[in-house]
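For reference, the structure is listed below as structure tokens.
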Amino acid sequence: MSRYNFKECEARWQAVWAERETFRVGEDSERPKYYVLEMFPYPSGRIHMGHVRNYTMGDVVARYRRATGYNVLHPMGWDAFGLPAENAAMERGIHPAEWTYSNIGTMRGQLKQMGLSIDWAREIATCHPGYYRHQQELFLDFLDSGLAYRKESWVNWDPVDHTVLANEQVVDGRGWRSGALIERRKLAQWFLRTTAYSDELLDALATLDRWPERVRLMQENWIGRSEGAYIRFAVSNGRTGTPLEAPLEVFTTRHDTLFGMTFCALSPHHPLAASLAGKDKKAAAFIAECDRLGTSEAAIEAAEKVGYDTGFVVHHPFDSDRTVPLYIANFVLMEYGTGAVFGCPAHDQRDLDFARKYGLDVIPVVAPRKADAAAFAIGDEAFVDDGVLINSDFLDGLEVPAAKARMAERLAADSLGEATTVYRLRDWGISRQRYWGCPIPVIHCEGCGIVPVPRAELPVALPDDVAFDKPGNPLDHHPTWKHVDCPQCGTKARRETDTMDTFVDSSWYFARFCSPRAEQPTDRRQVDYWLPVDQYIGGIEHAILHLLYSRFFTRAMRKCGHVSLDEPFAGLFTQGMVCHETYRDQRGAWLFPDQIERLPDGTAVKADDHSRVSVGRSESMSKSKRNVVDPERIIEAFGADTARLFMLSDTPPERDLEWTEAGIEGAWRYVNRLWRMVDQPAGAVAPREAARPDALSGAADQAWRLVHRTIHGVTDDLDKFRFNRAVARIRELTNLIGELPGDGGDIAWVRRRGLEAAVQLIGPMMPHLAEELWRSLGHETLLADVPWPAADPALLVEETITIGVQVNGKLRGTIDVPRDADREMVESLALALDGVQRAMDGRPPRKVIVVPNKIVNVVV
RNA sequence: GCCCAGGUGGCGGAAUUGGUAGACGCGCAGGUUUCAGGUACCUGUGGCCGCAAGGCCGUGGAAGUUCGAGUCUUCUCCUGGGCACCA
């Protein structure tokens, strides 16, 4: 049996598209624009299945939109700065630039093999001075407008490697490379003022109606606007009674529960905690212990809640007789509110757990509306619902919201505090003490302070001659790079050696794609034409940080005149990951899938020595667990179209996809089946120009209607990212075309139209095969240039429909009725069914529910 | 710990607004073709009972609303993503 020669075919069509510059775009006043963007890849070495899935989806959208008449921008670039390049430099002695550009070369080739409809003329790499010089200019603009600033903040410090560690590099409190216990250290760092837009970033989420609801929710919670109050407490030494000079300010969202306060707690990094630790060795030791946890919020929050009683006491503002102990506690975050809290165990579960642990009082101050206030007590569970205030002096009897308002008034009146709004969102620390990133373009001068690098001197380029043999930041070690003269006073000064977080690089690349070679960061005409991105596609793991930073950056760029919009991504789709089973040998070492042989009984052995292999559950493909399948191998063996089809079939795009060999083979079989349907059709195919026969026989009519239902359905599916459903529909259509009987004129005609429709509909998904079949069907035009087919609405409505008949909600049969048949007719047909009579068992119907064109339910 | 998702046959999944659960595919079984393997094609395939007709059960679990629940409500279990220096 002859097979589709994908190798020759895919290369040939890729060459044709490239030669004709089919996907090259520019401004076009004739057609509406459509900007399709997939999150650009990090050049880690080779493309992985996640890339294949992401770029296949994007390409389907791009090709589909193109066919429906849009001027489509679909670019590609490289998120090219980052840690792995430096790790490669340290481990293998390759320069980060060499490693990165070599990876880009490999991956570009691999992406081109996929047949993506990309305008490669717009390719950018963030590690190229032609890109990052503009990023430096943006930074200077932000500095000018107060959106960039410097402050001290905490980092994970590896005392052996003398380097700052990412949270990811801290494993069980130790540095991943050195194994040394990490410390928290304070460093002066550069920040971008994301909080300047807290409200805007939150409120504008409501306008992002083509974003997944869950992503908006996650961002909303991340920004975390809370209405509450600041309260200032007097603090004194519990033994001596000596008062502290400055009051302790806390933030709370439950100022209504102030009369239930039984302790206060400071963050280990609160200035007061530091000052107490200066005179209290145990406090200092406790703080040091907390620091072992590192800076990761997950680690801090998941750790056992512990506190240290400082011996100081906090005075209740409205009850001079009452004092509560002041703790330093590991769960209080310095980054949120004021870094100090008051604890009300009766109405907060964490406070309750803490109070039980340290034997603190629990005073209920809110009771359920119907509860007996005198008898209301707290057991193991805090009462966190709304209710009525008790034991609370001037708040007694008020509902919670009213109590909050009254308390806020009273605090303000007595100058003890005031109502406020705080955000969980923090400013974005962008300083990294690393080489392979965009240099921050400032100079530190003893006399002048921080001096921006003059714009004419941009880019501040990374030096090539760096060494990675010493721990720490190579830029800092470089013999000459940082030694410069102050641009203002001319005296000896020092270049900033911090580079920018790589998230900065990816926060504006979508804008750069509009004018990738412009002399300015953006060409206003171009960004105004192309932005916003109409459809952005990427992994759900970026739901918060990358997307939020990009939203912030767009606003910051607007403020500085580089763009004229607020929201960069009008539509967002978040795809699931590609997963595979994991395998370990008897010693527990991870094995690659192609080292495995599956036995008929379902167990697995190593292919070389047939030793036993334990099969683990399916997880996201990762190099560390070796559960990876190399896309290039798949493309070699089955072709890009097969790989693309498999990525789109079966699993909904937002869900995790389980990679299976059987699945790819199924896709391969369908590719061949489709090819044979055109290459060796089962019956006569009418000529290209053949007119519609006057009358269609039953089979032809049925098929013709399915063609139109399929066009309609697939179009709708592609609009809604239901690629798996679209594939299923096309398969239904080709199944029916394959079964068309004989060579009659109407059959031959519908066979042609059906095949053409199938080829057009599958085109965005399997572009090479579709081009090939389109040509085989006698067309000279590129399918890529052919408009999307349209469904005839008249052919979408069925005249006869089958509806179910239930008795007491259980299906007992079906009836065929004309569309919109009248109620009496449907009811009598339903009641006449054998199965219905049997189920009614002689009982008269109490009620017959007829839902037109849907269902009949007989209630007896 | 906190925030956000997802759980439907042996497997991936389908099921406009609450209205015939299991489309389409994988796998499996039987058959045709073939020297054989593979390919291709045909038939069957949620579970249980039954010779059959047919019946009962069935969308992670428990309860509820409804003539009717995969879909709505409450509780619960499991799995995944994120938690600010991985990208």
Side-chain angles (χ1 to χ4, degrees), chain A residues 1 3 39 41-42 44 79 81-84 155-156 164-170 189 194 212-222 224 295-305 331 335 349-350 424-434 501-503 505-506 539-546 548-549 574 576-577 579 617 619-620 649-652 654-658 660 662-663 665-667 669-670 672-673 676 716 722 724-725 727-732 735 802-814 835 838 846-849 851 853-859:
Chain A
M1 181 144 333
R3 291 274 180 95
M39 292 180 184
Y42 176 77
S44 55
D79 188 11
F81 275 136
L83 263 181
V155 295
N156 300 311
V164 176
L165 296 182
N167 285 332
E168 189 190 57
Q169 298 172 314
V170 178
Q189 309 243 68
T194 41
E213 179 61 29
R214 61 168 161 158
V215 175
R216 288 188 285 166
L217 249 177
M218 281 191 262
Q219 293 220 352
E220 185 180 324
N221 291 329
W222 185 263
T295 59
S296 147
E297 190 179 317
I300 293 167
E301 294 269 348
E304 193 194 346
K305 311 287 178 276
F331 59 85
E335 291 80 13
Q349 192 59 44
R350 191 174 58 185
R424 215 183 73 92
L425 182 69
R426 311 201 289 255
D427 281 338
W428 174 14
I430 60 160
S431 280
R432 299 292 181 268
Q433 293 69 41
R434 305 195 204 293
D501 178 5
T502 56
F503 267 122
D505 312 340
S506 56
I540 183 68
E541 68 274 18
H542 294 290
I544 296 178
L545 290 180
H546 162 61
L548 194 61
Y549 290 149
T574 51
M577 295 174 310
C579 299
R617 66 164 213 285
E619 296 181 57
S620 170
S649 316
D650 298 345
T651 304
E654 68 278 9
R655 262 196 242 180
D656 287 352
L657 178 144
E658 169 72 14
T660 61
E665 279 163 13
R669 275 203 291 277
Y670 186 65
N672 278 292
R673 211 172 136 219
R676 273 195 307 272
D716 192 43
R722 294 188 304 208
N724 55 320
R725 193 73 184 80
V727 171
R729 278 188 215 277
I730 295 168
R731 291 184 95 127
E732 278 180 280
N735 285 350
T802 306
I803 64 173
V805 181
Q806 302 175 328
V807 176
N808 287 343
K810 279 190 181 164
L811 187 75
R812 298 297 171 184
T814 59
R838 218 176 8 247
R846 281 198 285 138
K847 198 155 122 191
V848 180
I849 291 153
V851 184
N853 301 328
K854 283 272 168 64
I855 205 160
V856 179
N857 190 10
V858 181
V859 187

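Every chain is numbered from 1, with letters handed out A, B, ... down the list of sequences.
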Classify the side chain of N857(A) and the base of C67(B) as holding, or not holding, a donor-acceptor pair under 3.5 Å. yes

Taken to the nearest whole Å, CD/E619(A) to P/C78(B) is 18 Å

Rounded interatomic separation in angstrom, taking CG from L811(A) and P from G58(B): 15 Å

Could you tell me the separation between the CD atom of E213(A) and the P atom of C3(B), rounded to a whole number of Å? 16 Å

N724(A) side chain near G12(B) phosphate (N/O to OP1/OP2, under 4.0 Å): no

Could you pull out the protein-nucleic contacts involving nucleotides 31-33 of chain B (nitrogen or oxygen on both sides, under 3.5 Å)?
none

Does this structure show an ion pair linking E297(A) with R424(A), if we count only N-O contacts that are shorter than 4.0 Å? yes

Could you give the CZ-to-C1' distance, from R846(A) to U66(B), as a whole number of Å? 14 Å

Taking atom C1' of C4(B) as reference, at what distance in whole Å does atom CD of Q219(A) sit? 12 Å

Between C1' of C24(B) and CZ of R722(A), the distance in whole Å: 14 Å

If only side-chain N and O atoms of R812(A) are considered, is one of them under 4.0 Å from the OP1 or OP2 phosphate oxygen of C56(B)? yes

At under 4.0 Å between heavy atoms, which parts of nucleotides 82-87 of chain B does protein reach? Answer with one letter per nucleotide, 5' to 3': B base, S sugar-phosphate only, - none. SBBBBB

What does T802(A) touch in the nucleic acid at a heavy-atom separation under 4.0 angstrom: a base, only the sugar-phosphate, or nothing? base

G9(B): pairing nucleotide in any strand, Watson-Crick or G-U under 3.5 angstrom: none

Of the nucleotides G54(B), A23(B), G19(B), which has the atom closest to the R725(A) side chain? A23(B)

Salt bridge or not between E213(A) and R216(A)? Use side-chain N to carboxylate O under 4.0 Å. yes

Could you tell me whether N735(A) contacts a base, only the sugar-phosphate backbone, or nothing, with contacts defined as non-hydrogen atoms closer than 4.0 Å? sugar-phosphate

Apply the syn/anti split at 90° from 0 to G70(B) and say which one it is. anti

Select base, sugar-phosphate, or nothing to describe what R655(A) touches, counting heavy atoms under 4.0 Å on all strands. sugar-phosphate

RNA chain B: N221(A) or G835(A), which has the more 5' nearest nucleotide? N221(A)

If you check the M577(A) side chain, which of A5(B), G81(B), G1(B) turns out closest? G81(B)

OP1 or OP2 of C26(B) sitting under 4.0 Å from any side-chain N/O of R669(A)? yes

Please check this pair: side chain of D656(A) against backbone of S620(A), looking for a donor-acceptor N/O pair closer than 3.5 Å. no

Starting at CG of N672(A) and ending at C1' of C41(B), how long is that distance when rounded to a whole Å? 15 Å

What contact category does L217(A) fall into here, base, sugar-phosphate, or nothing, at under 4.0 angstrom with non-hydrogen atoms? sugar-phosphate

Between P of C24(B) and CZ of R731(A), the distance in whole Å: 11 Å

